[in-house]
Amino acid sequence: MPELPEVETIRRALIKNILHKKIKDVEIFSPKQFHGDITRVGGAKITGLRRKGKVLYLELANGLYLNFHLKMSGELLFGKKRNVTLKEYLPRTGTKSLPNKHTRIILNFDDGSALFFNDLRLFGWIKLTNKPAVPGGVDVLSKEFTAPYLLTVGRSTTRPIKILLMDQEKIAGIGNIYANDSLWEAKINPLRKAKTLTEVEINNLYKAIKKIIAEAIKYKGSSAQDEMYVMPDGQKGKYQNHFRVYHRTGKPCFRDKKIIVAIRMSGRGTFYCPTCQI
DNA sequence: CTGCGGTCCTGAAGGC
DNA sequence: TGCCTTCAGGACCGCA
């Protein structure tokens, strides 16, 4: 599922492709996934491409914002539109021919190129708004995200630390993969109540988050088996080859060789080493 | 405030 | 082989 590293990778790739281009028109095949006045998109020039948390948004010259949330299975692919008519004959996935079976919305640019919003599970969305449709939490890559900030939000709740890390209204950008791996890196059990973490543990966790997120960006995100994420050119990320605990149930911990266990927290898979994460 | 369960969806995987 | 059930999950919502 695209989290901060994946969305940031997409942003950096797309900025080269679509900045300063003019949107010719929008094709919507999945009406539930587009929110806003579509008549105000055509003709708009893209003046910026930004991100907060997991939300990517285009700044348009008409003062509006076109926001994207990929949720679990969204993809943003850049390419040239192929001449296809029958949906049944579309390939299931891939960039060799676009659109494909999972294409929900297409932004056509006036130079003949296009941006394809693909989404198998239909949970993602595109919104046209007056101001960026972004979460309220502090973005992990922003200068406001500091160890003292993490200490403040940690002290403010009795919720488990893993749930706090994934709360987009407190910290924006961390999802299930990087919450699990950051907690392993910091040797902290995901079930620990946030309030009970010491200042030393918070500092370690802060450093762990910055390290894991930077490494994930370096490897251009995670494209694990059931993760749909790919870059705008269709290439996969490589952080899945560096998972600490995520999807490593039953395998030995890289620190103490004990077996990684899986539990569920708030309906989400949670992976940790029961001996070295305390 | 907190947790819990349901909801949105498709398709892979597992059971028989 | 094939049908049926289960499961995965980010954000949101109603409820206790």
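Chain A is the first sequence line, chain B the second, and so forth, proteins listed ahead of strands; every chain is numbered from 1.
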Cation-aromatic face contact A:Arg104/A:Trp125, 6.0 Å, 45 degrees: no
To the nearest Å, how far apart are A:Asn118 CG and B:dC9 P? 18 Å
Measure CZ/A:Arg264 against P/C:dT6 and give the value in whole Å, please. 15 Å
Ring-face cation contact, A:Tyr272 with A:Arg248, 6.0 Å cut, 45° max: no
Among A:Lys220, A:Arg51, A:Arg50, which residue meets the salt bridge (Lys or Arg N to Asp or Glu O under 4.0 Å) test with A:Glu8? A:Arg51
So how far is it from A:Gln33 CD to A:Leu122 CG, rounded to the nearest 0.5 Å? 5.0 Å
Using whole Å, what does the distance between atom P of nucleotide C:dA8 and atom CD1 of A:Ile263 come to? 13 Å
Phosphate-side-chain proximity, A:His102 and B:dG11, N/O vs OP1/OP2 below 4.0 Å: yes
Using a heavy-atom cut-off of 4.0 Å across all strands, would you classify A:Gly175 as base, sugar-phosphate, or nothing? nothing
Between C1' of B:dT10 and CD of A:Glu75, the distance in whole Å: 14 Å
Using a strict 4.0 Å threshold on nitrogen-to-oxygen distance, state whether A:Lys24 and A:Asp111 make a salt bridge. no
Could you state the CG-C1' distance from A:Leu122 to B:dG11, rounded to the nearest angstrom? 12 Å
What one should report as the nearest heavy-atom pair of A:Ala216 and A:Tyr239 is CA-CD1, 3.7 Å
Calculate the interatomic distance between A:Ile171 atom CD1 and C:dG10 atom P; express it in whole Å. 16 Å
Please say which of A:Glu6, A:Glu3, A:Glu185, A:Arg244 ends up in a side chain to side chain donor-acceptor pair (under 3.5 Å) with A:Tyr178. A:Glu6
Can you give me the N/O atom pairs linking the protein to nucleotides 2-8 of chain B at distances under 3.5 Å, or say none if there are none?
unit_1: B:dT2; atom_1: OP1; unit_2: A:Thr157; atom_2: OG1; d: 2.4
unit_1: B:dT2; atom_1: OP1; unit_2: A:Thr158; atom_2: N; d: 3.3

CG of A:Asn118 to OG of A:Ser30: how many Å apart, nearest 0.5 Å? 11.0 Å
Which residues pass the side chain to side chain contact (heavy atoms under 4.5 Å, CB included) test with A:Ala13, sequence neighbours left out? A:Pro232
Distances for protein N/O vs nucleotides 11-15 of chain C N/O pairs under 3.5 angstrom?
unit_1: C:dA11; atom_1: OP1; unit_2: A:His69; atom_2: NE2; d: 3.0
unit_1: C:dA11; atom_1: OP2; unit_2: A:Lys54; atom_2: NZ; d: 3.2

CE of A:Met72 versus P of C:dG10: gap in Å, rounded? 6 Å
Spacing of A:Asp167 atom CG relative to B:dC1 atom P, expressed in whole Å: 11 Å
